[in-house]
Amino acid sequence: MIQASAQQAKSCVELLKEFRLKGTDARGEKLYFAGVGRRDVYNVTAPFLDEGEWVIAGRVEDRASERSSIMFFVEKNGKWTPREGAPVFELQDPFFTFVRGELVLGGVQVFFDPDDPHYVTTWRTVFYRGYRVRELREFAQGPLTMKDVRLVDQQNGTIGVFTRPMPVGDARAMIGYAEISDLDELTEELMANAEVLKGQFLKVEWGGANEIHLLNNGKLGVLGHVAWMDYGNIRHYYPMVFALDPATRAHTPLKLIATRNLFPEGPAKRPDLEDVLFSGGLRRNGDGTATLYTGVSDAEAARIVIEDPFVEYEA
């Protein structure tokens, strides 16, 4: 049962202590990619079925650049290779869902200073729709500076919309929620004015939704991330989950589900990004476990089998 949301936000340090006290034997594994030259592939989605084939989307870019592409991959002989004939989008951080049987794919469009190709001026979320990857067409854009907008098809016929406004007053960033009855209603105004969920992050920390799961009781299981900045601008990102009752907007406290040390050692895009896991997607396996797909240190992709974090919200 989801109680009314009167809880106080816990810091990332407190959430990390709780996770470590619980303990886990889970260990992650790297995903290996071919056919992209020397470029990195990270911040991948979970696999999804398209025209009878399991596909993942991933962020592909040079180690020294933020100019990235979303590409689609299929697994062959233990390696993920670019899918023949699939489109390529000049976006970052792909995500997907299915709304009334239609594939909705999105990513982050980044704008660069024309005089400094390494300096990002702003960004926004862009949405595509279609019944197949090869038929995707753009249909909506989010407000400038808003990442982490996610959609979910609900039992009552509405579409839940999670947003990530920043800043919100003196808070760095928060998660918002709204509902629409049709994808054509997904407008910048709707996303900009979504109701903000309270009591999730400290004002100096931030987070966002990465993927939404419709639970068997009609509640929404949210896979997301929570983050903080250490001295010297060192970033720490952790995969987290919570549940939302869309009827009342009550939500559970956040809980972490993985940390960087559960995955093999590897490179980082920059030294300040070593302790970064960016939740890409989660497949519920139906046996009490789930497989989390995640970006690692902004340079690699990995997966890990963990206890299904949404089971407790369906009791």
Side-chain angles (χ1 to χ4, degrees), residues 28-61 68-109 125-140 149-153 159 183 209-215 221 223 239 258 263 277-287 289-296 299-306 308 310:
E29 61 177 354
K30 294 185 181 184
L31 301 181
Y32 292 95
F33 293 83
V36 294
R38 298 175 61 87
R39 291 177 293 173
D40 296 324
V41 182
Y42 66 103
N43 291 6
V44 297
T45 67
F48 62 94
L49 201 59
D50 181 68
E51 297 189 272
E53 189 171 37
W54 287 103
V55 180
I56 63 173
R59 173 174 172 172
V60 184
E61 70 187 24
S68 58
S69 300
I70 290 177
M71 296 179 64
F72 298 89
F73 298 87
V74 293
E75 191 172 18
K76 296 180 180 179
N77 301 319
K79 290 187 177 181
W80 293 88
T81 60
R83 190 185 194 196
E84 186 176 352
V88 175
F89 299 103
E90 300 305 311
L91 302 169
Q92 298 178 350
D93 303 337
F95 59 90
F96 79 91
T97 190
F98 287 90
V99 175
R100 297 167 188 168
E102 187 173 12
L103 172 64
V104 176
L105 183 124
V108 178
Q109 182 180 29
T125 305
V126 181
F127 299 86
Y128 295 77
R129 62 190 292 187
Y131 288 96
R132 303 171 184 84
V133 165
R134 58 188 171 91
E135 296 176 350
L136 290 170
R137 66 188 189 280
E138 185 177 330
F139 76 96
V149 183
R150 301 293 189 267
L151 310 180
V152 61
D153 216 0
I159 302 165
L183 286 176
N210 292 77
E211 185 180 71
I212 317 302
H213 290 253
L214 178 64
L215 306 183
L223 170 69
F263 295 88
L277 295 180
F278 189 76
S279 310
L282 184 139
R283 289 185 65 182
R284 304 185 72 191
N285 299 325
D287 60 359
T289 70
T291 305
L292 171 69
Y293 289 77
T294 180
V296 181
E300 296 184 301
R303 63 188 171 197
I304 187 171
V305 178
I306 59 175
D308 187 334
F310 296 133

Novice: I need the L103 CG to Y131 OH distance, nearest 0.5 Å.
Specialist: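 These two atoms lie 10.5 Å from each other.
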
Novice: For atom CD of E84, decide whether the heavy atoms of other residues, nucleotides or ligands shown that lie under 6.0 angstrom number more than 12.
Specialist: no

Novice: Evaluate the side-chain proximity of F95 to F127: yes if any heavy-atom separation is below 4.5 Å, no if none is.
Specialist: yes

Novice: Which atom names give the shortest non-hydrogen contact between S279 and N210, and what distance separates them?
Specialist: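 Of all heavy-atom pairs spanning S279 and N210, the closest is O-ND2, 2.7 Å.
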
Novice: Could you go step by step and tell me if L223 and L292 meet the side-chain contact (heavy atoms from CB on, under 4.5 Å) rule?
Specialist: CA-CA 10 Å; L223 170 69; L292 171 69; 4.0 Å; yes

Novice: To the nearest 0.5 angstrom, please state how far the CD atom of Q92 sits from the OH atom of Y42.
Specialist: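 Reported to 0.5 Å precision, the distance equals 6.5 Å.
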
Novice: Determine yes or no for a side-chain-to-main-chain donor-acceptor pair under 3.5 angstrom, with D287 supplying the side chain and T289 the backbone.
Specialist: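 Yes; at least one donor-acceptor contact below 3.5 Å.
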
Novice: I'd like to know if R150 pairs up with E211 as an ion pair, taking the criterion as any Lys NZ or Arg NE/NH1/NH2 lying under 4.0 Å from an Asp or Glu carboxylate oxygen.
Specialist: no

Novice: Is the closest side-chain heavy-atom distance between V60 and I70 below 4.5 Å?
Specialist: no

Novice: When you compare the side chain of D308 with that of N285, does any pair of heavy atoms fall below 4.5 Å?
Specialist: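 They are not in side-chain contact.
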
Novice: For the residue pair F48 and F72, establish whether any side-chain heavy-atom pair is separated by less than 4.5 Å.
Specialist: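 Yes - at least one pair of side-chain heavy atoms lies under 4.5 Å apart.
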
Novice: With ring pair (Phe, Tyr, Trp, His ring centres under 6.0 Å) as the test, pick out the partner of Y128 among F89, F139, F96.
Specialist: F89

Novice: G221 and L215: which non-hydrogen atoms are nearest, and at how many Å?
Specialist: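 It is N-CG, 3.7 Å.
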
Novice: Under the 3.5 angstrom rule, does the side chain of T291 hit a backbone N or O of I304 as a donor-acceptor pair?
Specialist: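 No, T291 side chain to I304 backbone: no donor-acceptor pair under 3.5 Å.
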
Novice: Testing the basics here: between I56 and A46, what is the closest heavy-atom pair and its distance to 0.1 Å?
Specialist: CG2-C, 3.9 Å

Novice: Not counting sequence neighbours, which residues clear side-chain hydrogen bond (donor to acceptor under 3.5 Å, both in side chains) with R83? List them please.
Specialist: D50, E53

Novice: What closest approach, in Å, do P239 and A258 show between heavy atoms, and which atom pair accounts for it?
Specialist: CD-O, 3.4 Å

Novice: Please work out whether the ring planes of F310 and H213 are parallel, tilted or perpendicular, with thresholds of 30° and 60°.
Specialist: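 Judged by the thresholds at 30° and 60°, the geometry between F310 and H213 is tilted.
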
Novice: Over all heavy atoms of both residues, which pair between F33 and A301 is shortest? Give the atoms and the distance, please.
Specialist: CE1-CB, 3.9 Å

Novice: Say whether, by atom type as modelled, one donor and one acceptor occur between the side chain of T45 and the main chain of G280 under 3.5 angstrom.
Specialist: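 Answer holds: no.
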
Novice: Please tell me if the side chains of L282 and Y293 come closer than 4.5 Å, counting only heavy atoms from C-beta onward.
Specialist: no

Novice: How far apart are the closest heavy atoms of S69 and V88, and which atoms are they?
Specialist: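 Answer, listing the atom of S69 first, then V88: CB-CG1, 3.7 Å.
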
Novice: More than 12 heavy atoms of other residues, nucleotides or ligands under 6.0 Å from NZ of K30: yes or no?
Specialist: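 Yes, because the 6.0 Å sphere around NZ of K30 holds more than 12 heavy atoms from other groups.
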
Novice: Quick one, V44 with W80, criterion side-chain contact (heavy atoms from CB on, under 4.5 Å). Give me CA distance, side-chain angles, the key distance, then yes/no.
Specialist: CA-CA 11 Å; V44 297; W80 293 88; over 6 Å; no

Novice: Could you go through R134 and E51, starting from their C-alpha distance and side-chain angles, then the distance that decides it, and tell me whether this counts as side-chain contact (heavy atoms from CB on, under 4.5 Å)?
Specialist: CA-CA 10 Å; R134 58 188 171 91; E51 297 189 272; 2.9 Å; yes

Novice: Per the side chain to side chain donor-acceptor pair (under 3.5 Å) rule, what does the pair list look like for residues 93-103, sequence neighbours excluded?
Specialist: N43-D93, R59-D93, E102-R129

Novice: Once salt bridge (Lys or Arg N to Asp or Glu O under 4.0 Å) is applied, what residue pairs with a partner in residues 35-44 remain, sequence neighbours excluded?
Specialist: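 Residue pairs with at least one partner in residues 35-44: D40-R63.
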
Novice: Report the C-alpha separation of V36 and F73 in whole Å, then their side-chain angles, then the decisive distance to 0.1 Å, and conclude whether the side-chain contact (heavy atoms from CB on, under 4.5 Å) test is met.
Specialist: CA-CA 10 Å; V36 294; F73 298 87; 3.8 Å; yes

